[in-house]
Amino acid sequence: MSRPELVAPPEIFYNDDEARKYTSSSRIIDIQTQLTERALELLVLPDDGVPRLLLDIGCGSGLSGERLTEHGHQWLGLDISESMLDVALEREVEGDLILGDMGQGLGIRPGILDGAISISAVQWLCNADKSCHEPRIRLKAFFSSLYRCLGRGARAVLQIYPENLAQRELILGFAMRAGFSGGIVVDYPHSSKRRKEYLVLTCGPPSLNTTTPEGKGEDGESCSDEDSSEDEENQTVCISDRRRPRKKQKVNKKGKGRDWVLKKKEQLRRKGNVVPPDSKYTARKRKDRF
Amino acid sequence: MTYLRTHIHRSGRFSGNEELKTLVKLPLPRDVPSNFQMRLLTHNMLSSNIKGVANGFPLKIEVVKVVEKEVDFNIDFLKNMFHKVEWKALAEASTTMGYPELPENADASMLDSDDFLHKFHHALLELHLEEGALVCPETGRKFPVQKGIPNMLLHEDEV
Ligand SMILES: C[S@@+](CC[C@H](N)C(=O)[O-])C[C@H]1O[C@@H](n2cnc3c(N)ncnc32)[C@H](O)[C@@H]1O
């Protein structure tokens, strides 16, 4: 598990091999699809059937764009990796593609977009991949140009994988300075695997409809790490933020139960740990007098 | 598992007005296999982002290859776009691409005319620049377009 941002610049990391891998993995496709669906939900476009003009920032192979098409919208996709865009061409996506670097600012006419999304791309700006790269300048160029090209009241929903708290604050800070209102929505905050962060930004000053929506799974219901059977080894998914608030320990009255204990022991065995054998005593409640 | 299973509404799907749809029978080359596309819609949105350029719009078009593609007609989208499009730039670009059919000026009242809507639709969505270049109106810098993808990456000294 690694963070691709730390491996190489995006246009190098997303080479032909990686681009091909990207769309041949059903897990990556699933994740991109789910993230995009959620981003669209957070974009709250009017439900009037009118196709909107959207921008997909870091559109890559077009997995996210395909969801936009599926919802009936027209889109433009921007990406810095030619290999990823080639895959998008092969997949015959419906949006127009642009080879470009969001860190250089978006060369798009003011006020024209009905909305923007970005799936797992913006954290790349926090890296200095070339000697001429200064993350702060690139973040500033990106957010101020994004603000300009969105129509008033339009939203941008950017799903990000910040490396740590400082990076999250940095990204959010530049968004706010550009004039956006909004904040970060965290889905499944208590699960290291399913936790997802979305920067939900509205163009213009705060108002009633700029309040940041609630994340999913906030109540901690059925979203502990233990019960997630799908392990997302997807490199872009892990989060190494050590300052994340400690997971809430949720123990219901009956305790974890025998099944849970057996499953846990089995997991540990698979990891090669020495685990006592299962017996009729396993997970039995102790007598009160004990 | 209920994780992010949102339901997909297809209400927005490009279907458009049935009545008008039957009118759109443009003779398009059906044997074009490529899916390379850069619509004039995109041209109408892009501007030169080079440092120091005050007005990078509209980019001039240098045509090497144009393709036409049939796209479903959607009157709602056209109406949404009409107010965003820079008309003069679209009409000129359309002429450059070999379709000199758009009026020089347009106002919202024209949206009532089927003839106008179809020309607008064709110019905005069905004419594609496959190979060529977009040229910055101020500096003359060329942004190459290959396989329908404009390369808008700036050099270090242009940022
Ligand atoms: C995790 S992938 C997302 C792929 C995309 N959503 C899809 O459906 O295929 C992140 C993408 O961000 C792009 N990217 C990274 N840095 C970028 C930059 N500075 N400008 C534009 N795109 C960038 C990468 O090239 C990569 O395709």
Side-chain angles (χ1 to χ4, degrees), chain A residues 11 34-35 37-38 40-41 45 47-53 55 67 69-74 76 78 80 82 85-86 89-94 96-101 103-109 111-114 130 132 137 141 145 149 151 187-188 194 196 216-217 222-223 228-230, chain B residues 1-16 34-39 41-51 53 56-59 71 74-81 84-86 89 125 128 136 143-154 156-159:
Chain A
E11 65 276 27
Q34 287 170 347
L35 295 174
E37 289 293 337
R38 177 66 168 142
L40 262 168
E41 194 176 285
L45 295 169
D47 193 12
D48 53 9
V50 176
R52 308 284 150 169
L53 182 60
L55 176 69
R67 302 317 306 159
T69 301
E70 203 55 40
H71 283 258
H73 300 298
Q74 292 285 338
L76 271 190
L78 176 86
I80 199 173
E82 261 187 283
L85 292 178
D86 278 340
L89 282 182
E90 266 173 43
R91 297 169 59 82
E92 309 202 5
V93 297
E94 306 247 337
D96 280 10
L97 306 169
I98 301 164
L99 180 61
D101 177 358
Q104 297 180 335
L106 308 169
I108 294 179
R109 211 148 56 69
I112 196 170
L113 297 172
D114 295 316
K130 293 187 180 152
C132 62
I137 292 178
S145 62
C149 65
D187 282 353
Y188 307 105
R194 294 171 67 190
K196 295 287 181 290
K216 296 199 180 189
S222 74
C223 66
S228 89
S229 46
E230 92 269 49
Chain B
M1 255 246 319
T2 52
Y3 175 47
L4 300 189
R5 274 289 134 79
T6 49
H7 107 127
I8 300 158
H9 69 95
R10 285 167 165 274
S11 59
R13 185 88 216 182
F14 246 45
S15 55
S34 84
N35 50 301
F36 306 147
Q37 57 175 56
M38 194 206 81
R39 299 170 288 194
L41 166 69
T42 300
H43 168 260
N44 208 274
M45 294 174 57
L46 289 177
S47 75
S48 163
N49 202 20
I50 299 170
K51 188 179 170 183
V53 168
F57 183 87
L59 295 155
V71 173
N74 186 305
I75 194 165
D76 291 332
F77 183 66
L78 291 177
K79 286 183 171 166
N80 176 16
M81 284 311 299
K84 299 170 183 287
V85 160
E86 281 271 349
L125 301 171
H128 294 269
C136 171
F143 299 97
V145 177
Q146 280 164 0
K147 295 186 278 185
I149 302 180
N151 179 348
M152 304 303 289
L153 289 168
L154 300 179
E156 266 177 47
D157 56 356
E158 294 172 330
V159 183

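Within every chain, numbering begins at 1; the chains are lettered A, B, ... in the order of the sequence lines, protein sequences first and strands thereafter. Just so we're clear, the structure is a prediction, and the values are computed from it rather than from any experiment.
- Taken from CD1 in A:Ile98 to CG in B:Asn151, the straight-line distance is 11.0 Å, to the nearest 0.5 Å.
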Just do the side chain to side chain contact (heavy atoms under 4.5 Å, CB included) check on B:Met81 and A:Gln74 with the steps written out, would you?
CA-CA 11 Å; B:Met81 284 311 299; A:Gln74 292 285 338; over 6 Å; no
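- Nearest heavy-atom pair across B:Lys84 and A:Arg109 is O-NH2, 2.8 Å.
- Counting all heavy atoms, side chain and backbone alike, B:Ile149 lies closest to A:Leu85 at CD1-CB, 3.9 Å.
- Rounding to the nearest 0.5 Å gives a distance of 12.5 Å between CG of A:Asp101 and CE of B:Met152.
- Taken from CD1 in A:Ile112 to CG in B:Leu46, the straight-line distance is 9.5 Å, to the nearest 0.5 Å.
- Contacts between B:Glu158 and chain A at a heavy-atom distance below 4.5 Å are absent for every atom of the residue.
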Would you please test B:Leu153 and A:Glu11 for side chain to side chain contact (heavy atoms under 4.5 Å, CB included) and show each step?
CA-CA 12 Å; B:Leu153 289 168; A:Glu11 65 276 27; over 6 Å; no
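- In terms of non-hydrogen atom pairs under 4.5 Å with chain A, the most contact-rich of B:Asn44, B:Val85, B:Ile50 is B:Asn44.
- Most heavy-atom pairs under 4.5 Å with chain A, from the set B:Asp76, B:Leu41, B:Leu154, B:Val145: that is B:Leu154.
- In terms of heavy-atom pairs under 4.5 Å with chain A, the best-connected choice from B:Glu156, B:Lys79, B:His128, B:Glu86 is B:Glu86.
- Both the backbone and the side chain of B:Ser47 come within contact range of chain A, with heavy atoms under 4.5 Å apart.
- Atom CG in B:Asn80 sits 4.5 Å away from atom CG in A:Asp114 (nearest 0.5 Å).
- With a threshold of 4.5 angstrom between heavy atoms, A:Leu78 does not approach chain B through any atom at all.
- From A:Ile108, atom CD1 reaches atom CZ of B:Phe57 across 12.0 Å, with rounding to the nearest 0.5 Å.
- Proximity to chain B is limited to the side chain of A:Leu76, based on heavy atoms less than 4.5 angstrom apart.
- When the salt bridge (charged side-chain N to carboxylate O under 4.0 Å, His left out) test is applied to B:Lys147, the partners found at least two apart in sequence or on another chain are A:Asp86.
- Heavy-atom pairs under 4.5 Å with chain B were tallied for A:Leu106, A:Leu40, A:Ile137; the largest tally goes to A:Leu106.
- Here the side chain of B:Asn49 pairs a donor or acceptor atom with the backbone of A:Gln104 at under 3.5 angstrom.
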